[in-house]
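Contents: one structure, followed by commentary.
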Amino acid sequence: MSALKIYNSLSRTKEVFTPITPGYVGMYVCGPTVYSDVHLGNCRTFISFDIIYRYLKYLGYKVRYVRNITDAGHLEGDRDEGDDKFSKKARLEQVEPMEIVQKYTLGFHEVMRLFNNQPPSIEPTATGHISEQIEMVKQILANGYAYEVDGTVYFDVEKYDREKPYGILTNRKMEDLLEGTRELGGQDEKRGRLDFALWIKAKPEHLMQWPSPWGMGFPGWHIECSAMSEKYLGKQFDIHGGGMDLAATHHTNEIAQSQACFHVSPANYWIHTNMLTVNGARMSKSAGNGFLPHELFTGNHPLLEKAYAPMTVRFFMLQTHYRSTLDFSNEALQAAEKGLKRLWDAYEIVESLEYGVQDLVDEALDQKCNDLVTEFDNSMNDDFNTAKVLAAMFELVPVINSFKTQQLSVGNIRPETFERLKQQFRVYLTDIFGLTSVKEGDNGLLDGVLELLIQIRKEARARKDFATSDKIRNELQQKGVILKDNKDGSVTWEVA
RNA sequence: GGUGCUGUGGCCGAGAGGUUAGGCACGGCUCUGCAAAAGCCGAUACACCAGUUCAAAUCUGGUCAGCACCUCCA
């Protein structure tokens, strides 16, 4: 089997993945800021990392997956002043900031559950790690990479850059970065234009504040991830992930903080997932083009023609590589819905098939099946190329369907080939891709009624009373139930 | 302005010097009482202009168009 290769943002190339400790992987992913509902773009990132998490486990690694909840310190504006997002929202809704945090954390978890994302191993919160953040700020100060001005502590970017390249993650030079920022105003406390706050002095009316060596205040946004990743994964760990939008500022600052504090680069592999777009423009909260998951599941959105199941959306995302932008549209979603059904039907068929007696083995067919199944792992090892895995799976669908219709016999391939095909189909679809059945749940009553109708129709057909049989089928179809007459005389039904 | 990325058939999207990606939609055929489903076959392609090469959608240079980040956002 090929070795796992991961595109590393640090080197901008695909690298063979080698964990620090053989057999173990530490992975940190930047989680949501819980001051409002997560939109689909956020979900895409977490679904991408869920697949990565599941695949690493499939490869046999023991994975510690840490994903934080940001519930403090995230400022509204681009300057290190003003309220954080929680305080602002709390004032708006006239509740406690922690009520905001609780509400949207629960909502986030519910959405993750609907998408069948596995929970991370540890989900630490910023407010739960204030002292760790303070300790880190103290150490950075002691190491000389930060300075305090009136209760606020800033990171000295230009000093840091003289020793370590600050813009290493996004390949930017200091001069270019400075060019893109405004001049410091007279009232600015910061020494350098790129300096960012590690700890921020709170105004008396500020709702969320903690005591620190610099007075009452709250942590800057970036320090929480550095402090919590160090606490649970160590000063150096394997993978750090997040959305691409976080690379230039948040992750760049994380690297600088950790280096300044511990003198090592925190993560070996940086993975960045690309954005979800709507009509070619990035989906974002501020642009107002965000889709909420429940709008999608209910179809209650002006741009949606119908509702889409969570699994349809998950599958839709799997059809694109995680580093490509993915454009969101009705057409694409409908195509995904049909494609998933075709694939899932084939999966159910292969699950129900048993290997009987070996027939004359069709060498070309046997080889084709084996090659396509081998493609699954090879494609995933090539930087988690889920789209390519799906292509291989779809190529197996006609083969599987032909086993059912007996246009091909299962005995035409070797028993070990069949078992491997069956197992890998299941493992990939359910364990790695995390897909579940989109069918309606068990409904004994409906089941019984339909069996009766199918029986009456069968009798009508037996006496060639097609008017009656067609009436039953057509009217059921209008009610949303599709009957299918199979070759072997059996009849199956499904909800449209 | 800086840093990157992208431009693939009607739509969505992989791939990456020679070999069918795949899905959806479309056309033909088979099966079927008729359908549906399924199977088989098929058409439509790599933004533009040069260059390298026996061979380029794939490499190089240029042109055009778009996107993202550099400011809160996954």
Side-chain angles (χ1 to χ4, degrees), chain A residues 9 12 29-33 36 38-49 74-79 85 167 170-173 175-182 194 221 241-250 252 272-277 280-287 290 315-316 319-321 323-343 345-346 349 375 379 382 385-395 397-402 404-405 407-408 461 464-466 469-470 473-474 477 482-487 492-494 496:
Chain A
S9 302
R12 288 172 294 285
V29 173
C30 291
T33 305
S36 65
V38 284
H39 64 240
L40 239 25
N42 302 313
C43 294
R44 184 186 183 200
T45 294
F46 302 129
I47 289 171
S48 295
F49 282 106
H74 209 151
L75 291 170
E76 267 298 316
D78 61 333
R79 325 191 88 187
K85 294 190 170 185
T170 49
N171 198 25
R172 287 171 168 91
K173 293 195 201 76
E175 307 90 88
D176 300 331
L177 283 166
L178 283 167
E179 223 169 83
T181 53
R182 76 176 86 73
L194 292 167
W221 173 35
M244 263 181 196
D245 51 339
L246 298 181
T249 307
H250 183 56
T252 291
H272 289 102
T273 57
N274 215 140
M275 300 292 107
L276 186 66
T277 62
R282 170 184 173 189
M283 185 181 287
S284 77
K285 291 180 186 177
S286 49
F315 177 80
F316 167 67
Q319 280 184 300
T320 306
H321 187 87
R323 275 191 297 108
S324 300
T325 54
L326 172 59
D327 200 59
F328 197 72
S329 68
N330 272 293
E331 293 75 16
L333 242 19
Q334 269 159 37
E337 186 175 72
K338 288 180 183 163
L340 173 59
K341 185 185 178 302
R342 178 170 157 84
L343 191 60
D345 284 348
I349 289 168
E375 266 299 298
S379 298
D382 185 13
N385 196 330
T386 54
K388 220 174 161 189
V389 176
L390 286 174
M393 294 187 113
F394 271 112
E395 287 199 63
V397 168
V399 176
I400 292 167
N401 284 331
S402 297
K404 186 197 179 192
T405 58
Q407 282 156 296
L408 287 173
R461 289 180 72 204
K464 299 214 188 296
D465 177 5
F466 296 123
S469 72
D470 285 354
R473 187 176 62 200
N474 293 340
Q477 186 165 8
I482 293 164
L483 295 189
K484 293 192 238 178
D485 298 326
N486 298 320
K487 277 244 178 73
T492 48
W493 61 273
E494 62 187 40

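Letters A, B, ... are given to chains in the order of the sequence lines, protein chains preceding strands, and every chain is numbered from 1. Basis for what follows: all heavy atoms, side chains included, without hydrogens, waters or symmetry-related copies.
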If you compare all heavy atoms of [X] against all heavy atoms of [Y], which two are closest, and at what distance to 0.1 Å?
| X | Y | value |
| --- | --- | --- |
| A:G290 | A:M283 | CA-CG, 3.5 Å |
| A:Q319 | A:A336 | OE1-CB, 3.9 Å |
| A:L333 | A:F328 | CD2-CZ, 3.7 Å |

What distance, rounded to whole Å, do you find between the two [atom1] atoms, one in [N] and one in [M]?
| N | M | atom1 | answer |
| --- | --- | --- | --- |
| B:G9 | B:C48 | P | 10 Å |
| B:G13 | B:U8 | P | 9 Å |
| B:A57 | B:C31 | P | 42 Å |
| B:C12 | B:A21 | C1' | 14 Å |
| B:G15 | B:C26 | C1' | 24 Å |
| B:G22 | B:A14 | C1' | 7 Å |
| B:U63 | B:G1 | P | 13 Å |
| B:C64 | B:U53 | P | 27 Å |

Hey, is the side chain of [X] pairing donor to acceptor with the base of [N] inside 3.5 Å?
| X | N | answer |
| --- | --- | --- |
| A:N330 | B:C11 | no |
| A:R473 | B:C34 | yes |
| A:R172 | B:G4 | no |
| A:T45 | B:A74 | yes |
| A:D327 | B:G13 | no |
| A:R44 | B:A74 | no |

With sequence neighbours excluded, what pairs up with [X] under the salt bridge (charged side-chain N to carboxylate O under 4.0 Å, His left out) test?
| X | value |
| --- | --- |
| A:D245 | A:R282 |
| A:R44 | none |
| A:D176 | none |
| A:R172 | none |

Return the value, rounded to whole Å, for the distance between atom [atom1] of [X] and atom [atom2] of [N].
| X | N | atom1 | atom2 | result |
| --- | --- | --- | --- | --- |
| A:L343 | B:A37 | CG | P | 17 Å |
| A:M244 | B:C70 | CE | P | 13 Å |
| A:F316 | B:A14 | CZ | C1' | 15 Å |

With a non-hydrogen cut-off below 4.0 angstrom, is [X] in contact with a base, only sugar-phosphate, or nothing?
| X | value |
| --- | --- |
| A:R12 | nothing |
| A:S284 | base |
| A:L333 | nothing |
| A:N474 | nothing |
| A:M393 | nothing |
| A:G41 | base |
| A:G167 | nothing |

Looking at residues at least two apart in the chain, or sitting in another chain, which of them share a side-chain contact (heavy atoms from CB on, under 4.5 Å) with A:A387?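 Per chain and number, A:A387 pairs via side-chain contact (heavy atoms from CB on, under 4.5 Å) with A:N385.
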Which residues pass the side-chain contact (heavy atoms from CB on, under 4.5 Å) test with A:T45, sequence neighbours left out?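 side-chain contact (heavy atoms from CB on, under 4.5 Å) check on A:T45 returns A:F49, A:T273.
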Measuring from A:L276:CG to A:L40:CG, what's the distance to the nearest 0.5 Å? 6.0 Å
Hey, does the side chain of [X] come within less than 4.0 Å of [N]'s phosphate (OP1/OP2), counting only N and O?
| X | N | result |
| --- | --- | --- |
| A:N42 | B:A74 | yes |
| A:N401 | B:G39 | yes |
| A:S324 | B:A14 | yes |
| A:N385 | B:G15 | yes |

Nucleotide nearest [X] when distance is taken to its side chain, options [options]:
| X | options | value |
| --- | --- | --- |
| A:S402 | B:A35, B:G39, B:G13 | B:G39 |
| A:H321 | B:A35, B:A14, B:A74 | B:A14 |
| A:D245 | B:C72, B:A74, B:G33 | B:A74 |
| A:T320 | B:A35, B:G2, B:G13 | B:G13 |

First of A:A247 and A:Q477 reached from the 5' end of RNA chain B, by closest nucleotide: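 First, find each residue's nearest nucleotide; the 5'-ward one identifies A:Q477.
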Between A:I482 and A:R461, just flag the one whose closest nucleotide in RNA chain B comes earlier from the 5' side.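 By nearest-heavy-atom nucleotide position, the 5'-most residue is A:R461.
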Could you check whether A:F466 and the base of B:G33 form a stacked pair, meaning centres closer than 5.5 Å and planes differing by less than 30°? yes
Which atoms of nucleotides 16-27 of chain B (N or O only) lie under 3.5 Å from a protein N or O atom, and what are those distances?
residue: B:A25; atom: OP1; partner: A:K338; partner atom: NZ; Å: 3.2

Decide yes or no for A:L178 and A:L194: does some side-chain heavy atom of the first lie under 4.5 Å from some side-chain heavy atom of the second? yes
Please answer whether the main-chain N or O of A:L483 pairs with a side-chain N or O of A:T492 as donor and acceptor at a distance below 3.5 Å.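 No: the side chain of A:T492 does not pair with the backbone of A:L483.
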What stems involve RNA chain B, if each pair must be Watson-Crick or G-U and both of its distances must be under 3.5 Å, with 3 or more such pairs in a row?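 Stem segments, range with range: B:1-7 with B:64-70, B:10-12 with B:22-24, B:26-30 with B:38-42, B:47-51 with B:59-63.
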Partner set under side chain to side chain donor-acceptor pair (under 3.5 Å) for A:S9, not counting sequence neighbours: A:H272
